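Okay, so here's the structure we're looking at.
On a predicted model such as this, the values are computed, not experimentally measured, just so you know. Letters A, B, ... mirror the listed sequences (proteins, then strands); counts begin at 1.
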2 protein chains.
Amino acid sequence: MQLKELSERTGVSPASIKFYLRESLLPAGRSIHATRAEYSEHHVSRLELIQALRRVVGLNIAEIGSLLRMADGGAPRLDLLAAVQRTVLGLDDVSTEHGDLRTPAGDAVVRFRNWPDVPSDARNALNAQLALMESLGVPVTAELLDAYSQAVDAIAAVNISATTAPEDVDQLIMTAAVGMHLHGQLVLKLLALAHASHAIRRYDKDA
Amino acid sequence: MQLKELSERTGVSPASIKFYLRESLLPAGRSIHATRAEYSEHHVSRLELIQALRRVVGLNIAEIGSLLRMADGGAPRLDLLAAVQRTVLGLDDVSTEHGDLRTPAGDAVVRFRNWPDVPSDARNALNAQLALMESLGVPVTAELLDAYSQAVDAIAAVNISATTAPEDVDQLIMTAAVGMHLHGQLVLKLLALAHASHAIRRYDKDA
DNA sequence: CCTCTAGGATAGGAGCACTATCCAGTGGTG
DNA sequence: CACCACTGGATAGTGCTCCTATCCTAGAGG
């Protein structure tokens, strides 16, 4: 199919498709002649992936580009998943500011929960977050951290057992990124509801 | 003090202060003469609040404006807190798209957790999120939701007991917004770490 | 032949959060 | 009393991101 049909099938305007081509989010079509190109089903699914990452997950063009380049470069799937996690959860923003600092509290959590004690982006992000909260004067007690980590441990256990990784790399990014984002948002929303519920209960008791 | 001193004490450029004045995020100073105005300590703390909401929480000007107008309009504290929650957690985005739809799953959570069964923004946001995930084909099993809700229930219980509300309204917004945001981010980061830890463990076992 | 389309280049535009400039009117300082 | 820094008010410009539109020529298909 050619550009116009690709546009019609995905609902993305030709101008935007051209833009994605320029930014190399979308690989160039097979060039038939100087002025004609042929696009495949792969282009359709790639465009759908781009749309999902933009509209649902809310990544920007640069972030999408870096993930897709990794995928196209044949990076190991575990590296890819790590990159997806970094990008989707915005771990970069927090963790790159400081170096590889460790916080006692962060280490305690890992020991307490019996999580493997290996350095990781998530680990750094946690430490950075704890440092940030410290610096802003928001208290994080050991007790609170214990409750939080126990809760997320339970969540992660359920979550991971409910997941199967697809073969196709684009598909892998799609499910991983969309899943991570949506589950994160779900937890945030549940947390808000739980918080409101507890507040109401306490308010009723006080009144 | 006058504008320049206000700028120096808060680290916000005079141009930005003027901008905030124009957008009425910052109340006008007491006008001494046609060309001179006097700012108070309240302006300093208000500016710090604006900075925190912008830089830390990541709200935009319109959102900050709406919260501050509520505060200045003497809205009830509970309404204010609800608005803060809506804004900080982005509950508006999701929940306004659909109406007041209820999902069986959302209701089940509330009953199961014995949370007060009253309509709320958080409730709507949860239902909307569940509907969204449904529509995107991301499965949310009752089992998963149960685990999630149990976990956040525990978190909320700890969280709320560790909080005391300040008297000053600006201060209330500051602690509520910053606290909500940072705790939400903390949970997300912990979740990422827990997820990674479980993945590593499963990977090791498989290998 | 005529119309349509591709690709390439470049420019335009919208939204956001500032930032800069210009203005004329003062306050206080020397 | 002259002068300069500073004021509020107005308006325009900047940098960023993500597109969208226009213009061009070469070539395909009816």
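Pairing each heavy atom of B:Met174 with each of B:Glu48, the nearest pair is CE-O, 3.9 Å. Nearest heavy-atom pair, B:Arg202 versus A:Ile160, reported as atom, atom and distance to 0.1 Å: NH1-O, 3.6 Å.
At the phosphate of C:dG27, OP1 or OP2 sits under 4.0 Å from a side-chain N or O atom of B:His33. In this structure, A:Ser13 reaches the D:dT20 phosphate: one of its side-chain N or O atoms is under 4.0 Å from OP1 or OP2. For B:Ser16, a side-chain nitrogen or oxygen approaches OP1 or OP2 of C:dT19 to under 4.0 Å. Regarding contacts with the backbone of D:dC19, a side-chain N or O of A:Tyr20 is found under 4.0 angstrom from either OP1 or OP2.
Among D:dG8, D:dT20, C:dA17, the nucleotide with an atom closest to any side-chain atom of B:Arg54 is C:dA17. Here the nucleotide nearest the side chain of B:Ala15, chosen from C:dT19, D:dC6, D:dA21, is C:dT19. Residue B:Gln2 places its side chain closer to D:dT7 than to any other of C:dA17, D:dC19, D:dT7. Listed nucleotides D:dC19, C:dT21, D:dA5 differ in distance to B:Arg36; the shortest reach to its side chain belongs to D:dA5. Which of D:dG27, C:dA6, C:dC18 sits closest to the side chain of A:Lys4 comes down to C:dA6. Comparing D:dG8, D:dC19, C:dT19 by their nearest atom to the side chain of B:Lys18 picks out D:dG8.
The backbone N or O of B:Leu182 sits less than 3.5 Å from a side-chain atom of A:Gln129, completing a donor-acceptor pair.
Taking atom CD1 on A:Ile32 and atom P on D:dG27, their separation rounds to 14 Å, with Å as the unit. When the P atom of C:dA6 is taken as reference, atom CZ of A:Arg22 falls 15 Å away, rounded to whole Å. The interatomic distance linking A:Ile17 (CD1) with D:dA21 (P) rounds to 14 Å, in whole Å. Atom CD in B:Glu23 sits about 14 Å away from atom P in C:dT19, given to the nearest Å. The CD-C1' distance, from A:Glu5 to C:dA6, rounds to 15 Å in whole Å. When rounded to the nearest whole Å, the span between CZ of B:Phe19 and P of D:dT14 equals 17 Å. One can place CG of B:Leu26 at 16 Å from C1' of D:dG9, the figure rounded to the nearest angstrom. D:dC6 atom C1' lies 11 Å from atom OH of B:Tyr39, rounded to whole Å.
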Indicate every side-chain donor-acceptor pair of residues 59-74 of chain A with a distance under 3.5 Å to a residue at least two apart or in another chain.
from, atom 1, to, atom 2, distance (Å)
A:Asn60, OD1, A:Ala62, N, 3.2
A:Asn60, OD1, A:Glu63, N, 2.8
A:Glu63, OE1, A:Asn60, N, 3.0
A:Asp72, OD1, A:Arg46, NH2, 2.8
A:Asp72, OD2, A:Arg46, NH1, 3.3

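Among the heavy atoms of the strands lying under 4.0 Å from A:Arg55 are primed sugar atoms or P, OP1, OP2 only; no base atom is included.
Not a single ring pair (Phe, Tyr, Trp, His ring centres under 6.0 Å) links A:Phe19 to another residue, sequence neighbours left out.
Along DNA chain C, the nucleotide nearest B:Ala62 and the nucleotide nearest A:Thr35 are compared for position; the residue whose nucleotide lies closer to the 5' end is A:Thr35.
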